[in-house]
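Residue numbers run from 1 in the order of the sequence given.
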Amino acid sequence: MTDVSTLSEYDFIVVIDKSGSMGEPVKAGSSITRWEAVQESAMTFVRDIEKIDSDGLGLVLFSGSSIASYDGVTSATIRDAFSANTPRGSTPLAEALTAAFGLAGKSDKKDFIIVFTDGVPDDKAAAAEVIRKQSHKQETDDALTVLFVQVGDDAGATAYLKMLDDDLKGCKFDIVDAKTVAEAEKFATTAELVIAAIND
């Protein structure tokens with residue numbers, strides 16, 4: 001079991017989908033867009049994690065042909081990144097995960113990657129293969145964990161992320177956990193959400 005104190009053994013990377021569909025309402029009839037909802041969720045996550053991971057977090061923003069990755073970011077940097085970007089383009093998840101895995105391993109710490117995304121990726125098989133390859137590079141199950149948090153209620157995305165969590169074949173380790181935003185927000189603290197994903 002992992003407890004809060006062991007989270008200091010992790011580096012954290014936040015991956016944010018800024019594809020065009022993120023501009024849609026978070027659910028039917030809502031005046032809040034998925035992009036607005038993810039800002040709130042991501043900012044809460046980063047502010048909480050900053051207290052644990054003091055050397056700055058990794059950040060990947062992705063859409064269309066644009067993959068931007070940053071290291072050593074703070075909540076202020078992420079706020080600026082949100083204000084400088086608007087949702088557009090497709091969902092190149094495989095390339096975004098590749099960028100995130102590239103930021104991982106910068107220290108002797110384990111890595112925790114949280115991916116906020118709302119839709120099915122451009123290439124479902126390619127994204128799955130990137131995760132599969134990463135699992136085979138790991139010496140231990142908890143060396144790197146990927147938590148997908150689904151923004152919005154796209155049924156196709158729910159099914160795909162559930163497959164990555166429960167049914168991804170050919171992996172050395174199960175390194176993926178997936179939650180909807182509603183499920184993620186049921187945890188009392190960010191630390192509890194992270195611990196649940198690591199232990200899952």
Student: Taking side chain as C-beta onward, heavy atoms only, is V151 less than 4.5 Å from D17?
Tutor: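 A side-chain contact under 4.5 Å is absent here.
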Student: Once rounded to the nearest 0.5 Å, what's the spacing between atom CG of L164 and atom CG of D177?
Tutor: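 It comes to 11.0 Å.
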Student: Distance from F82 atom CZ to Q39 atom CD, nearest 0.5 Å?
Tutor: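 These two atoms lie 5.0 Å from each other.
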Student: Is there a path of hydrophobic side-chain contacts, each under 4.5 Å between heavy atoms, that joins I114 and V15?
Tutor: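 In one cluster: no.
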Student: Is there a side-chain contact between I195 and L7, using heavy atoms and a 4.5 Å cut-off?
Tutor: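 Of all side-chain heavy-atom pairs linking L7 with I195, at least one is under 4.5 Å.
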Student: From M163 CE over to K169 NZ, what is the distance, rounded to the nearest 0.5 angstrom?
Tutor: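 One gets 9.0 Å once the value is rounded to the nearest 0.5 Å.
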Student: Going from CD on Q150 to CG on L161, what distance comes out if it is rounded to the nearest 0.5 angstrom?
Tutor: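 Rounded to the nearest 0.5 Å, the CD-CG separation comes out at 5.5 Å.
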Student: Take atom NZ in K186; do more than 12 heavy atoms of anything else shown fall under 6.0 Å from it?
Tutor: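 No.
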Student: Report yes if some heavy atom in the side chain of K109 is under 4.5 Å from a heavy atom in the side chain of D53; otherwise report no.
Tutor: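 Of all side-chain heavy-atom pairs linking D53 with K109, at least one is under 4.5 Å.
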Student: Given R132 and E129, is the salt bridge (charged side-chain N to carboxylate O under 4.0 Å, His left out) satisfied, shown in steps?
Tutor: CA-CA 5 Å; R132 205 175 280 119; E129 182 60 20; 2.6 Å; yes
Student: Y70 and L103: which non-hydrogen atoms are nearest, and at how many Å?
Tutor: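 That closest heavy-atom pairing would be O-CD1, 3.6 Å.
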Student: Please examine the side chains of I67 and V60, heavy atoms only from C-beta on, and report whether any two atoms are closer than 4.5 Å.
Tutor: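 Side-chain contact under 4.5 Å: yes.
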Student: Evaluate whether atom CD of E40 has more than 12 neighbouring non-hydrogen atoms of other residues, nucleotides or ligands under 6.0 angstrom away.
Tutor: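 No, CD of E40 has 12 or fewer neighbouring heavy atoms, counting only those of other groups under 6.0 Å.
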Student: Would you call L57 and I78 a side-chain contact if the rule is heavy atoms closer than 4.5 Å?
Tutor: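 When only atoms from C-beta onward are counted, I78 and L57 do not touch, as no gap falls below 4.5 Å.
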Student: When the ring planes of F112 and Y10 are compared, do they come out parallel, tilted or perpendicular, using 30° and 60° as the limits?
Tutor: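 The arrangement is perpendicular - the two ring planes meet at more than 60°.
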Student: To the nearest 0.5 Å, what is the distance between CD1 (I198) and CD (E9)?
Tutor: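 Nearest 0.5 Å value for the CD1-CD distance: 9.0 Å.
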Student: Is I113 reachable from I52 through a run of hydrophobic residues whose side-chain heavy atoms are each under 4.5 Å from the next?
Tutor: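 Result: no, two separate clusters.
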Student: With a 4.5 Å cut-off on side-chain heavy atoms, are R34 and T117 touching?
Tutor: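 With C-beta onward as the side chain, the pair stays apart.
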Student: Heavy atoms, side chains only, cut-off 4.5 Å: are P87 and E24 in contact?
Tutor: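 SC-SC contact between P87 and E24 ruled out.
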Student: So do T190 and I49 actually touch side chain to side chain, heavy atoms under 4.5 Å?
Tutor: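 Of all side-chain heavy-atom pairs linking T190 with I49, at least one is under 4.5 Å.
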Student: Is there a path of hydrophobic side-chain contacts, each under 4.5 Å between heavy atoms of I, L, V, M, F, W or Y residues, that connects F45 with M22?
Tutor: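 Looking at the clustering, M22 is in the same group as F45.
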Student: Regarding S63 and S66, is there a side-chain donor-to-acceptor distance under 3.5 Å anywhere?
Tutor: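 No, no side-chain donor-acceptor pair sits under 3.5 Å.
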Student: So does K27 have more than 12 non-hydrogen atoms from other groups sitting under 6.0 Å from NZ?
Tutor: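 12 or below, so no.
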Student: Under a single-linkage definition using a 4.5 Å side-chain heavy-atom cutoff for Ile, Leu, Val, Met, Phe, Trp and Tyr, are F187 and F148 assigned to the same hydrophobic cluster?
Tutor: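 No, F187 and F148 fall in different hydrophobic clusters.
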Student: Apply the side-chain contact (heavy atoms from CB on, under 4.5 Å) test between I175 and each candidate in D142, I131, D111; give the one that qualifies.
Tutor: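 Considering D142, I131, D111, a side-chain contact (heavy atoms from CB on, under 4.5 Å) with I175 is found only for I131.
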